[in-house]
Amino acid sequence: MTTNMFCFQCEQTARGTGCTGRAGVCGKADHTALEQDRLTAAMIDLARAIGEDTPTEKEASLLTRGLFTCLTNVNFDDAAIQKTYEEVTDALRARGGIQSEPFEMERLWTAEEDIRSLKSLILLGLRGISAYAYHTEALGCPSEKARAFFPKALRAVGDASATMDDLLPLVMETGQTNLDVMELLDRAHNETFGAPEPAVVSLTIEKGPFIVVSGHDLHDLKLLLEQTTGKGINVYTHGEMLPAHGYPGLRKYPHLKGNFGTAWQNQQKEFANIPAPILFTTNCLMPVKDSYADRVYTTGVVGFPGLVHIGEDRDFTPVIEKALELGGYTGDRVMTGINGGTTVMTGFAHKTVLAAADRVISAVKNGDIRHIFLVGGCDGAKPGRNYYTEFVKQSPGNTLILTLACGKYRFNDLDLGTIGGLPRIMDMGQCNDAYSAIKVALALAEALECGVNDLPLTLVLSWYEQKAVAILLTLLSLGIKNILIGPSLPAFVSPNILDFLVKNYGLSPVTTPDANLARILA
Ligand code: SF4
Ligand code: SF3
């Protein structure tokens, strides 16, 4: 049995420094962490073999899948990770094999701390980008920019002679690449499913058979909705799938009924003895408890030992049969959000918000809107995350709250009223819809003839996994300053790199809602 795992990629990492020993805080076993490290090292070797060449389509999609496999709460299945590893070594052989010495992850973890920090920002940023790139590929529009960047960035992570001056520009290029991928994904979602429109989503589960679908993959949801049409089965979104209700091409299915539960960290409680199957299309999957293990299905890059995995053909028959067998609740079940609300709203992506831009701009000019907050990002299990609930609750009535990603479950069922006909809380979508927030901020800055950093806008971000790292790098690469981040700082940001981010970007950790609100609104 091995005991030398090291992983510090997410916010809940042990002691705020790194998970070591037999398992990580997320439940990832040491042997799984080591399989992921072996896969990552092999991808670095492949990137070196690719060199300055453009990767083939096969290599590019393999790197995308391999990086995504190592994202937090995606894959706990050694066999699946080994299979991807073997595909990478096959691809490496096809390129003529290892160029010099094989790379070992140990070299990254033991590098000088600022180099380790910058390389981690790049590698973890790549893992975040790969998730979004995977979705663009599923929708038939891969990012050529990401495909070219993956080998280049992986080579830099493996380069023992890379200096801070070499790595810093690559950190920013990671952010810019993510912007390209998020833009493509936004376009693909809009073209495939229509532009999101505001929607009120019920949290009540109607009686009868149902399926809960989690993760971020709207394409998988669409296929599931098609396959369940006319079968007497209702479909409920979970976690990051909630924004699906805004898309005309998905809400047109009458059996897409509502949303089940709250954010990912509550799933072990919320899924206990649920009379329905749950399909995970992406993160965040938690180790599956016995009380519901017979009804959890995975697809795409997600994996967990012992679960039925729906393969590339996306034939959801086992999930559908399970829904019919379990039968659902015998009566309607009224469920509530964290704050007791029975509905939530979504669908305020850039088209909807920009259609109201004139109203927002005149309200900003005449002082009806004093400030706009983007309170968005990941949710998580550690204490301290009620900061975001309190921040939203305490925000004055003349402020707007834009939100996105799964952190919104802390407050999205609150009724905070309206300003100028707009709800005070507007859900822009999934984490990748940070692109919408960026578009809105740039448009407002243009209309108000100022820079983005001069807008009455503050970003109050919550992070957990590596998509949030990619998004943060995108925001920094756009020159967006004074972002508040919490609930704690990443373990992989060294004191010197933090100092650099503070001095150049005004990045600061959240403190308390009162203190932060007072400072922002002063
Ligand atoms: Fe620890 Fe997070 Fe890595 Fe899991 S993903 S092993 S919790 S740092
Ligand atoms: Fe949540 Fe896992 Fe980050 Fe898309 S589902 S955001 S944590």
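Remember, it's 1-based here, ligands and their atoms both numbered in the order they're listed. Numbers for residues simply follow the sequence, beginning at 1. Values below: all heavy atoms of this structure, side chains included; hydrogens, waters and symmetry mates excluded.
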N283 heavy atom under 4.0 Å from ligand 2
yes
Which of the numbered atoms in ligand 1 are under 4.0 angstrom from any heavy atom belonging to [X]?
X   : value
Q12 : 7 (S)
T13 : 8 (S)
K28 : 6 (S)
G24 : 6 (S)
F8  : 8 (S)

Heavy-atom count around K382 NZ within 6.0 Å, excluding the residue itself: above 12?
yes
Is the CD atom of E104 crowded by more than 12 outside heavy atoms at less than 6.0 Å?
no
Ring centroids only, cut at 6.0 angstrom: are [X] and [Y] within range, meaning strictly under it?
X    : Y    : result
F391 : F411 : no
Y292 : F271 : yes
H216 : Y132 : no

Among all the protein's non-hydrogen atoms, which is closest to [atom], and how far away is it?
atom                    : answer
atom 1 (Fe) of ligand 1 : C19 SG, 2.2 Å
atom 3 (Fe) of ligand 1 : C7 SG, 2.3 Å
atom 2 (Fe) of ligand 1 : C10 SG, 2.2 Å
atom 7 (S) of ligand 1  : C26 N, 3.2 Å
atom 5 (S) of ligand 1  : T72 OG1, 3.2 Å

So which heavy atom on [X] is nearest to which on [Y], and how close?
X    : Y    : answer
A33  : M5   : CB-CE, 3.7 Å
P198 : T352 : CG-CG2, 3.6 Å
G246 : T346 : N-CG2, 4.0 Å

Check each heavy atom of Q430 against ligand 2 and say whether those closer than 4.0 Å belong to the side chain, the backbone, both or neither.
neither
Under 4.0 Å from a heavy atom of Y464: which atoms of ligand 2 are those, numbered in the order shown and with their elements?
7 (S)
Within 4.0 Å of some non-hydrogen atom of C378, the atoms of ligand 2 are 3 (Fe), 6 (S), 7 (S)
Got a donor-acceptor contact below 3.5 angstrom from the Q430 side chain to the E240 backbone?
yes
Nearest non-hydrogen contact with atom 7 (S) of ligand 2 belongs to which option: Q466, E465, H216?
E465
For atom 1 (Fe) of ligand 2, which candidate among A405, C431, C406 provides the closest heavy atom?
C406
Any N, O or S atom of C284 closer than 2.8 Å to atom 1 (Fe) of ligand 2:
no
Tell me whether the guanidinium CZ or amine NZ of R410 lies under 6.0 angstrom from the six-membered ring centre of Y388 and within 45° of its axis.
no
Tell me, with the steps shown, if H245 and R251 meet side-chain contact (heavy atoms from CB on, under 4.5 Å).
CA-CA 5 Å; H245 294 277; R251 64 195 287 188; 5.5 Å; no
Below 4.0 Å from any atom of ligand 1, is there a heavy atom belonging to M5?
yes
